[in-house]
Trainee: 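Pasting a structure below so you can have a look.
Below, each value reflects all heavy atoms present in this structure, side chains not excepted, and no hydrogens, waters or symmetry copies. First listed ligand is number 1; within each ligand, the first listed atom is number 1.
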Amino acid sequence: MRRKFVAGNWKMNTLGQSAAELARALAQAWPRAKPQVEVAVCPPFPYLASVGAALAGSGIELGAQNVSHEKPGALTGEIAIEMLRDLGCRWVILGHSERRRLMGETDALISKKVTAALAGGVPAILCVGETLAQREAGQTWAVLDAQMQGSLAGVEAVAMNDVVIAYEPVWAIGTGVTATTAQAQSAHAHLRRWLSIRYNPDVAGQTRILYGGSVKPDNAQSLLGQPDVDGALVGGASLKAADFLAIVRAAESIINP
Ligand code: 13P
């Protein structure tokens with residue numbers, strides 16, 4: 001069975017004090033790793049160390065929001081995968097739509113980052129998702145397929161053990177508009193079929209596919225209850241300990257009703 005996974009993407013939010021406070025509150029509420037639900041938070045780079053310290057010994061893992069595809073060396077302003085591993089990062093989010101759209105990241109660049117992350121021993125949460133215009137033009141499946149194909153270029157089946165997919169429809173991110181459970185389920189099922197064809201049924205069966213886009217305490221249970229929705233990548237609601245924990249508990253309640 002695929003272990004449910006709830007990850008918080010703090011994006012470019014918090015300062016040192018609020019990051020540490022949020023991490024401490026989560027660590028207290030979720031002191032031990034649980035077999036059925038995996039939990040992670042991905043703070044901004046400057047707070048990885050302090051958040052990592054606050055989470056030490058708890059059941060919550062640390063992740064980053066981006067990484068360079070290059071090896072350590074002369075590359076001003078970039079962060080190498082070795083540094084993330086050194087800081088105790090267990091995950092790195094790659095290909096987020098905000099980076100695709102605002103920072104010009106292409107599938108070709110994202111695939112280099114995925115390859116660097118996996119080679120560096122840090123599993124990736126790879127984000128894919130269509131815009132509203134693409135959905136309305138009936139291009140959703142083609143867009144998802146192209147993003148998967150391009151971003152996973154060169155990633156072999158064995159390496160897929162260390163990849164989690166996040167389906168994040170761009171129109172649902174930070175908008176308060178959530179995909180319906182039917183829309184989410186059908187996109188996830190589509191992505192799983194893609195994994196089966198590109199790789200094999202084992203990879204498709206074992207790869208976790210998270211939903212992201214305005215996940216809140218009041219919609220988490222119905223989204224996470226869909227057969228192909230294995231968890232959530234949470235933005236805004238991950239900045240409030242009570243809301244994020246409510247989403248984590250919703251994931252837990254599906255397994256232990
Ligand atoms: P929101 O939950 O704020 O819509 O953000 C989703 C997201 O982009 C997570 O990566």
Side-chain angles (χ1 to χ4, degrees), residues 4-14 18-19 22 26 38-45 47-48 51 60-67 84 89-105 110 113-114 117 122-132 134-135 140 143-144 147-148 151 163-181 183-184 187-188 191 208-224 226 229-251:
K4 292 267 188 234
F5 185 18
V6 179
N9 175 6
W10 293 3
K11 306 193 180 183
M12 197 168 68
N13 291 296
T14 69
S18 48
L22 181 52
L26 297 176
E38 183 163 12
V39 184
V41 293
C42 305
F45 284 133
Y47 309 129
L48 282 171
V51 168
I60 301 181
E61 298 164 346
L62 186 68
Q65 300 173 18
N66 183 29
V67 75
L84 297 187
C89 286
R90 173 77 181 77
W91 296 99
V92 59
I93 297 171
L94 295 174
H96 193 282
S97 64
E98 287 151 12
R99 297 202 60 82
R100 291 176 184 266
R101 192 163 43 93
L102 303 169
M103 312 303 289
E105 289 198 4
I110 294 160
K113 293 185 178 207
V114 172
V122 180
I125 300 173
L126 170 66
C127 304
V128 295
E130 80 289 358
T131 64
L132 186 58
Q134 290 165 335
R135 175 164 281 264
T140 300
V143 168
L144 295 181
Q147 289 175 341
M148 293 286 281
S151 305
V163 176
V164 166
I165 306 295
Y167 170 61
E168 298 210 317
V170 178
W171 47 272
I173 294 178
T175 57
V177 178
T178 315
T180 63
T181 51
Q183 284 171 326
H188 284 229
L191 290 166
R208 291 180 292 178
I209 306 177
L210 315 183
Y211 169 80
S214 299
V215 177
K216 307 283 179 216
D218 62 0
N219 60 28
Q221 183 137 21
S222 56
L223 285 162
L224 292 171
Q226 299 303 304
V229 179
D230 303 311
L233 183 56
V234 186
S238 72
L239 296 169
K240 285 197 193 132
D243 286 0
F244 186 64
L245 289 164
I247 294 167
V248 169
R249 295 205 174 96

Trainee: Verify salt bridge (charged side-chain N to carboxylate O under 4.0 Å, His left out) between K11 and E98, making sure each step is shown before the conclusion.
Mentor: CA-CA 10 Å; K11 306 193 180 183; E98 287 151 12; 2.7 Å; yes
Trainee: Give a yes-or-no answer on whether the side chains of Q65 and W10 include a donor-acceptor pair shorter than 3.5 Å.
Mentor: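 Q65 vs W10: no donor-acceptor pair found between side chains.
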Trainee: Among L94, V122, V114, find the one that has a side-chain contact (heavy atoms from CB on, under 4.5 Å) with V67.
Mentor: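 In the set L94, V122, V114, the residue that makes a side-chain contact (heavy atoms from CB on, under 4.5 Å) with V67 is L94.
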Trainee: E105: what forms a salt bridge (charged side-chain N to carboxylate O under 4.0 Å, His left out) with it, not counting sequence neighbours?
Mentor: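 Counting only residues at least two positions away or on another chain, E105 forms a salt bridge (charged side-chain N to carboxylate O under 4.0 Å, His left out) with R99, K113.
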Trainee: Which pairs of nitrogen or oxygen atoms, taken one from ligand 1 and one from the protein, are under 3.5 angstrom apart?
Mentor:
| unit_1 | atom_1 | unit_2 | atom_2 | d |
| --- | --- | --- | --- | --- |
| ligand 1 | 2 (O) | S214 | N | 3.4 |
| ligand 1 | 2 (O) | G235 | N | 2.9 |
| ligand 1 | 3 (O) | G236 | N | 2.8 |
| ligand 1 | 4 (O) | G174 | N | 2.6 |
| ligand 1 | 4 (O) | S214 | N | 2.8 |
| ligand 1 | 5 (O) | K11 | NZ | 3.2 |
| ligand 1 | 8 (O) | K11 | NZ | 2.8 |
| ligand 1 | 8 (O) | H96 | NE2 | 2.8 |
| ligand 1 | 8 (O) | E168 | OE1 | 3.4 |
| ligand 1 | 10 (O) | N9 | ND2 | 3.0 |
| ligand 1 | 10 (O) | H96 | NE2 | 3.0 |
| ligand 1 | 10 (O) | E168 | OE1 | 3.2 |
| ligand 1 | 10 (O) | E168 | OE2 | 2.9 |

Trainee: For a quick test of reading the model, state the closest non-hydrogen atom pair linking V170 to S97 and the distance between them.
Mentor: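 The pair with the smallest heavy-atom distance is CG2-CB, 3.7 Å.
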Trainee: Tell me yes or no: between the side chains of H96 and E168, is some donor less than 3.5 Å from an acceptor?
Mentor: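 There is such a pair between these side chains.
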